[in-house]
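See structure below.
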Amino acid sequence: MSAPTLQRRLGLVQATALNMIDMVGIGPFVTLPLVMGFMGPNFLLAWLVGAALASVDGLIWSELGAAYPEAGGSYRFLKLAYGEQKWGRYMSFLYVWQTLIQSPLVLASGAIGFAQYFGYLVPMTEWWQPKAVAGGVVLLLIVLLYRRIEDIGKLGVALWVGVLGLMGWLIFGGVTHPNHHVAIFPEGGFPALPGLLISVAMGQAAVKTIYSYLGYYNVCHLGAEIKGPEKVIPRSIFLSILGIAALYLLLNWSVGTVIPWQEVQGWQASAGDKSQFIVSVFVERLYGPAAATFATALVLLVAFASLFAVLLGYSRIPYAAAADGEFLPVFGKLHPTKNFPYVSLLLLGGVGFVFSLLFRLGEVISAILAMRILVQFVGQAVGLVLLRRRRGTAALPFKMPLYPLPVILAIIVWLFVFVGIAPAEVTWGGMHFKLYFQFAALGMMALGTVAFLLWSRSLKRWPFQPQ
C-alpha cells in the first residue's frame, strides 16, 4: 500500500477564505483602541501603512508561492533561495526552529484575546478563569483540526461567512450613525505626513496594525494542497489583502465616528479601561445591551475562526521539514487514514496551550513580530533576489511588477518595524527591568544556530560532512 500524501483539494474560494479568517481573528478588535491611543486623529493612517506593507510583501510571497507550491511555505523558499545543501539548510532550519515557538505564540495571542472579550459576556474575577478559557479554546481547535483537509476547507468557508457578516454589521452601524468626523490624513496636511510616518507613535501603531494583517501568506503554507497553485496562490493573497484592508479601514472609520479617539484615550488613562471591549461598547451605544452581547459572541466566533486557520497552516511547516529530512522524522508522519500531519498539529497545539496560560497579550504580539522579521520576512525578501539571479525569471508563473523596488521597500519597512518594537516592563523575583524583544529574537536565532550545528553534526552534513 502506498504511503499517504497531501492532496490538492483547495480552490480559490477556500484558499481566500482561509487567508482572510487567519488575518482578521481577534487582532483588529483588540488593536483598534491601541492604535487610536498612539495616533489620535491620525489612526486610520496607521492602517493604511499596514496595508501598504502587506501589499508589497504580498508580491514576494506571490512570486515564491506560485513558483514553488509546496507544503511549508517559507521553509521551502528559504532552503531553495540560499542553497539546499549549505546555507539554505541553515536558514530553513532557523525558520522551523522559530516556528516551534512563534506559531504557538500566534495561537496564544488569539486565545488570550478571545478570553479578554469573553470577559464581557461572563465576568471573570479569579486570575485562573481567563487562562482556563484561553487554554480551552486551544484544545477545542486541536479537536476540530484532527480531520481530512477537504472537510477543513468546507468548514473554513463557513467560518469566513461569519467573519464577513460581523464586519458588515459593524460597518453598517457606523455608516448609519456617524457623530464625529474622521479623516485619513493628518490634520496638519501633507507637509506633516513625512514626519508622522517616521515618528515613534507611527512605529508603535504600525506594530499593532501589521500584526492584524498577518496571515495573507497562509495559503503558501498549504501550497501542496492548493489546486492550480500558480494562479490561485497570487490571486488569493491579493484578494485577501485588498478585502481585509477595505474592511479594516471601514471598521475603524465606523467606530471612530461613534466613539471619538479622545474618549478612547480617556478610557486608557482611567482605572476602568473600557477600550478592551470597544466593539461591544460601540454596538451597545448604537443598539443596546442585547445587541452588544450578540456582537461580542460574533467577535469570539471570528477569533476562533482565525485560530483555526493559523494552526492549520503552521502545522504543515515542521511536517515539510521532516519530510525533507531536515527535522526530526517524527514530524513527517501523516495520519494513516485522514492524511494530515497529526504529530505536528499536536505539538504546536500543545505548546500554544501552555503559552496561553503563561503570557499577556501585548507581550505576545511584540514577541511574534520580533521573531518573524529577520529570518522569515527580511530573509525571504533577500532570498527571492538570490533565486532570480540563479534561476532566472523565464519559468516564473507570477512576476512582481517594478522589481526590485518592492523587495527593497519591504526590507526597509520590516527593519523599521523591527527597531520600533517597544520593550516590555517586566517584574520578576523582586527585580524590575525592560525586556527588549529584538534581543530575545536574536537570542532565539543563536539557540537555533547551536541546535542546527548539533543536528548537522549528528547527520554528518554541512558544515561537518567528511572532506
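What you see is a predicted model; the values in this text were computed from it and never measured. Basis for what follows: all heavy atoms, side chains included, without hydrogens, waters or symmetry-related copies.
- For Phe452 and Tyr90, the ring centers are positioned less than 6.0 Å apart.
- Listed here is the closest heavy atom pair of Val364 and Leu105: CG1-O, 3.0 Å.
- Remark: side-chain polar atoms of Lys333 are not paired, donor with acceptor, to backbone N or O of Pro341 under 3.5 angstrom.
- For Arg389, the CZ atom is loosely surrounded, since the number of other residues' heavy atoms within 6.0 Å does not exceed 12.
- A heavy-atom distance below 4.5 Å is not found between the side chains of Ile112 and Lys131.
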Fill in: Residues Ser344, Ser315; criterion side chain to side chain donor-acceptor pair (under 3.5 Å); working and verdict
CA-CA 5 Å; Ser344 182; Ser315 65; 5.2 Å; no

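- In this structure, CG on Leu307 lies 5.5 Å from CG on Leu107, to the nearest 0.5 angstrom.
- No salt bridge links Arg235 with Glu230; every basic N to acidic carboxylate O contact stays at or beyond 4.0 Å.
- In this structure, the side chains of Tyr319 and Val96 stay at 4.5 Å or more apart for every pair of heavy atoms.
- Side chains of Trp455 and Trp97 form no contact here, defined as non-hydrogen atoms less than 4.5 Å apart.
- In this structure the side chain of Leu59 reaches within 4.5 angstrom of the side chain of Phe398, judged on heavy atoms.
- Screening Tyr211, Phe43, Tyr213 for a ring pair (Phe, Tyr, Trp, His ring centres under 6.0 Å) involving Tyr248 leaves a single residue, Tyr213.
- Of the options Ile244, Leu214, Leu247, a side chain to side chain contact (heavy atoms under 4.5 Å, CB included) to Met23 is made by Ile244 and by none of the others.
- Trp87 has its ring centre no less than 6.0 Å from the ring centre of Tyr82.
- Taking a cutoff of 4.0 Å between a charged side-chain nitrogen and a carboxylate oxygen, Lys79 and Glu326 qualify as a salt bridge.
- Annotation for Leu80 and Leu387: closest pair O-CD2, 3.7 Å, computed over non-hydrogen atoms.
- With a 4.5 Å cut-off on side-chain heavy atoms, Gln98 and Met445 count as touching.
- Minimum interatomic distance between Ala205 and Met39 (heavy atoms only, all atoms of both residues): CB-CG, 3.5 Å.
- When the options Ile210, Val419, Leu409, Leu374 are evaluated for a side chain to side chain contact (heavy atoms under 4.5 Å, CB included) with Trp414, the one that passes is Ile210.
- Residues Gly110 and Ile26 share a closest heavy-atom pair of CA-CG2, 3.9 Å.
- Residues Met444 and Ile101 meet the side-chain proximity criterion, which asks for heavy atoms closer than 4.5 Å.
- A distance of 10.5 Å separates CG of Leu94 from CG of Leu447, quoted to the nearest 0.5 Å.
- The local environment of CZ in Arg457 is sparse, with at most 12 non-hydrogen atoms from other residues, nucleotides or ligands closer than 6.0 Å.
- The closest side-chain heavy-atom distance from Trp47 to Thr31 is below 4.5 Å.
- At distances below 3.5 Å, at least one donor-acceptor pair connects side-chain atoms of Thr209 with backbone N or O atoms of Ala46.
- A salt bridge does not link Glu225 to Arg9: none of the charged side-chain nitrogens sits closer than 4.0 Å to a carboxylate oxygen.
- Once rounded to the nearest 0.5 Å, the distance linking CD1 of Ile373 with CD of Gln376 reads 10.0 Å.
- Within 6.0 Å of atom CZ in Phe238, more than 12 heavy atoms from other residues, nucleotides or ligands are found, so the atom counts as buried in its surroundings.
- Contact between Asn19 and Ser236 at its shortest, heavy atoms only, is ND2-O, 3.7 Å.
- Contact between Leu384 and Val407 at its shortest, heavy atoms only, is CD2-CG2, 4.1 Å.
- Counting heavy atoms from C-beta on, the side chains of Ile233 and Trp61 never come closer than 4.5 Å.
- Between Phe93 and Tyr75, the gap from one ring centroid to the other reaches at least 6.0 Å.
- By the 6.0 Å and 45° rule, Arg372 does not stack over the aromatic ring of Phe377.
- Distance CD/Gln438 to CG/Leu369: 10.5 Å, rounded to 0.5 Å.
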